[in-house]
Amino acid sequence: MLAQITAHPLHAPRPRRRSPAPLARRSAVLLLLCLCIPLVAALMLHPAPAAARDPSVLDGLALAQRGVSANLCALTFDDGPGQTTEALLDILRDKGIRATFFVVGSRVHLYPDTLKRLVAEGNEVGNHTFSHISLRQRAPVEQLSEIARTNEELARLGIVPRYLRPPYGRYDNATIDAAAALSMTIALWSVDSRDWRKHDLSAVLPRKSYGVRGVRGVFLFHDNHRETVEALPNLIDRLTEAGCTFVTMSEYVETSGPLCLH
């Protein structure tokens, strides 16, 4: 018995080795879990962009891809109404042009006559929130309130906006949900005049686009900038010479077909 216990290790039976396959599979599963858990956590903290979730949002790309051959131009003005809005309306009336105004709800009661005139002359009114805050990552209830309060102010004047333009163009999935709950569509722009930063509006003048000579799209301006109002007559003349057909946002969306790539 002692001889068996103290046998030379070279003659002792070798332990059976485990097959490496199960170990490899378990290691692969553990590695996959280690990779997936942080990814899931990251997606929960940083969800996909709103535009990727809902392609029906009229963002810059969606608007730019419409009506390539029609040269439709929708002039839109944010942040009003204000002291210069009446002068802007005079220009539009004299030029025979209708535009779209995305108004701030907290300013609506200050200029009721201006808004009534705006609509009477065939212009369109959109919602630019009540207090002009960035909606992105705000609580859903706060976003809904910002939009609904503006609609309520406009409803007192008999105006029902069809489009929502979030301030700074910032929105998320909660914004899309709030707009949908109020039967509205998010509408941004395809040509930014940047009139809030500089007074030279030459950046929005005709240039080649998608291989088509001319200019088209949804133009972003602000009707509370006096320099913009003063520059507008000359700008309209030059856009007209380029072949622009001026329309409201609704007309642009309804008339412009999608871009045909062939």
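Just the heavy atoms: all of them, side chains too, but no hydrogens, waters or symmetry mates, feed the values below. All residue numbers in this chain count up from 1 along the given sequence.
Looking only at side-chain heavy atoms (C-beta outward), Val104 and Phe130 stay at 4.5 Å or farther from each other. Here the side chains of Ile91 and Val229 are in contact, with some heavy-atom distance below 4.5 Å. Counting heavy atoms from C-beta outward, Arg98 and Arg93 have side chains that stay 4.5 Å or more apart. Within the 4.5 Å cutoff, the side chain of Tyr171 has heavy atoms near those of the Leu188 side chain. In this structure, Met249 and Tyr163 have side chains that are in contact, with non-hydrogen atoms separated by less than 4.5 Å. In this structure, the side chains of Ile147 and Met184 come closer than 4.5 Å at one or more pairs of heavy atoms. Under the 4.5 Å side-chain criterion, counting only non-hydrogen atoms from C-beta, Ile236 is in contact with Ile97. Between Gln143 and Asp172, some side-chain heavy-atom pair lies under the 4.5 Å cut-off.
When atom types are taken as modelled, the side chain of Ser145 and the backbone of Val141 share no donor-acceptor pair closer than 3.5 angstrom. The backbone N or O of Phe101 lies less than 3.5 Å from no partner atom in the side chain of Glu124, so there is not a single donor-acceptor pair. With hydrogens and angles disregarded, no donor-acceptor distance shorter than 3.5 Å links the side chain of Glu153 to the backbone of Val108. Of the possible polar contacts, none joining the Thr248 side chain to the Asn123 backbone as a donor-acceptor pair under 3.5 Å is found. Side-chain N or O atoms of Ser134 include none that pairs as donor or acceptor with a backbone N or O of Arg170 at under 3.5 Å. Side-chain atoms of Thr228 never come within 3.5 Å of backbone atoms of Asp223 as a donor-acceptor pair (strictly under, hydrogens ignored). A side-chain donor-acceptor contact under 3.5 Å links Ser190 to the backbone of Val218. The main-chain N or O of Ala64 is found under 3.5 Å from a side-chain atom of Arg216 such that the two form a donor-acceptor pair. Side chain of Tyr252 to backbone of Leu75: no donor-acceptor contact under 3.5 angstrom is found. Judged purely by atom type and a 3.5 angstrom limit, Ser193 uses its side chain to pair as donor or acceptor with the backbone of Leu220.
A perpendicular orientation is assigned to the rings of His132 and Tyr168, their planes being inclined by more than 60° (bins at 30° and 60°).
Of the N and O atoms on the side chains of Asp195 and His222, at least one donor lies less than 3.5 Å from an acceptor on the other residue. Asn224 and Gln83 share no donor-acceptor pair across their side chains, judged by distance under 3.5 Å alone. Of the N and O atoms on the side chains of Thr240 and Asp237, not one donor lies less than 3.5 Å from an acceptor on the other residue.
Separating the CG atom in Leu72 from the CD atom in Glu254 is a distance of 11.5 Å, to the nearest 0.5 Å. Taking CG of Leu232 as the reference point, atom CG of Asp90 lies at 11.5 Å (rounded to 0.5 Å). Taking CG from Leu154 and CG from Leu115, the interatomic distance works out to 6.5 Å, rounded to the nearest 0.5 Å. For the atom pair CZ of Phe221 and CZ of Phe102, the computed distance is 13.5 Å after rounding to the nearest 0.5 Å. The distance from the CG atom of Leu235 to the NZ atom of Lys95 is 10.5 Å, given to the nearest 0.5 Å. Note: Asn234 CG to Leu239 CG = 9.5 Å, rounded to the nearest 0.5 Å.
Considering all non-hydrogen atoms of both residues, Gly243 and Asn71 come closest at O-CB, 3.5 Å. The shortest heavy-atom contact between Glu121 and Leu89 is OE1-O, 4.0 Å.
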Trace of the side-chain contact (heavy atoms from CB on, under 4.5 Å) decision for Val125 with Thr100: CA-CA 6 Å; Val125 176; Thr100 302; over 6 Å; no
Test side-chain contact (heavy atoms from CB on, under 4.5 Å) applied to Leu144 and Leu182, step by step: CA-CA 9 Å; Leu144 183 61; Leu182 297 171; 3.9 Å; yes
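The side-chain contact (heavy atoms from CB on, under 4.5 Å) test with Ile186 singles out one residue from Ile176, Leu58, Asn127, and that residue is Ile176.
Residue pairs that meet the side chain to side chain donor-acceptor pair (under 3.5 Å) test with at least one member in residues 103-114, sequence neighbours left out, are Glu86-Thr114.
The existence of a salt bridge linking Arg165 and Asp79 is excluded, since no basic side-chain nitrogen approaches an acidic carboxylate oxygen closer than 4.0 Å. Taking a cutoff of 4.0 Å between a charged side-chain nitrogen and a carboxylate oxygen, Glu146 and Arg149 do not qualify as a salt bridge. No salt bridge links Arg226 with Glu230; every basic N to acidic carboxylate O contact stays at or beyond 4.0 Å.
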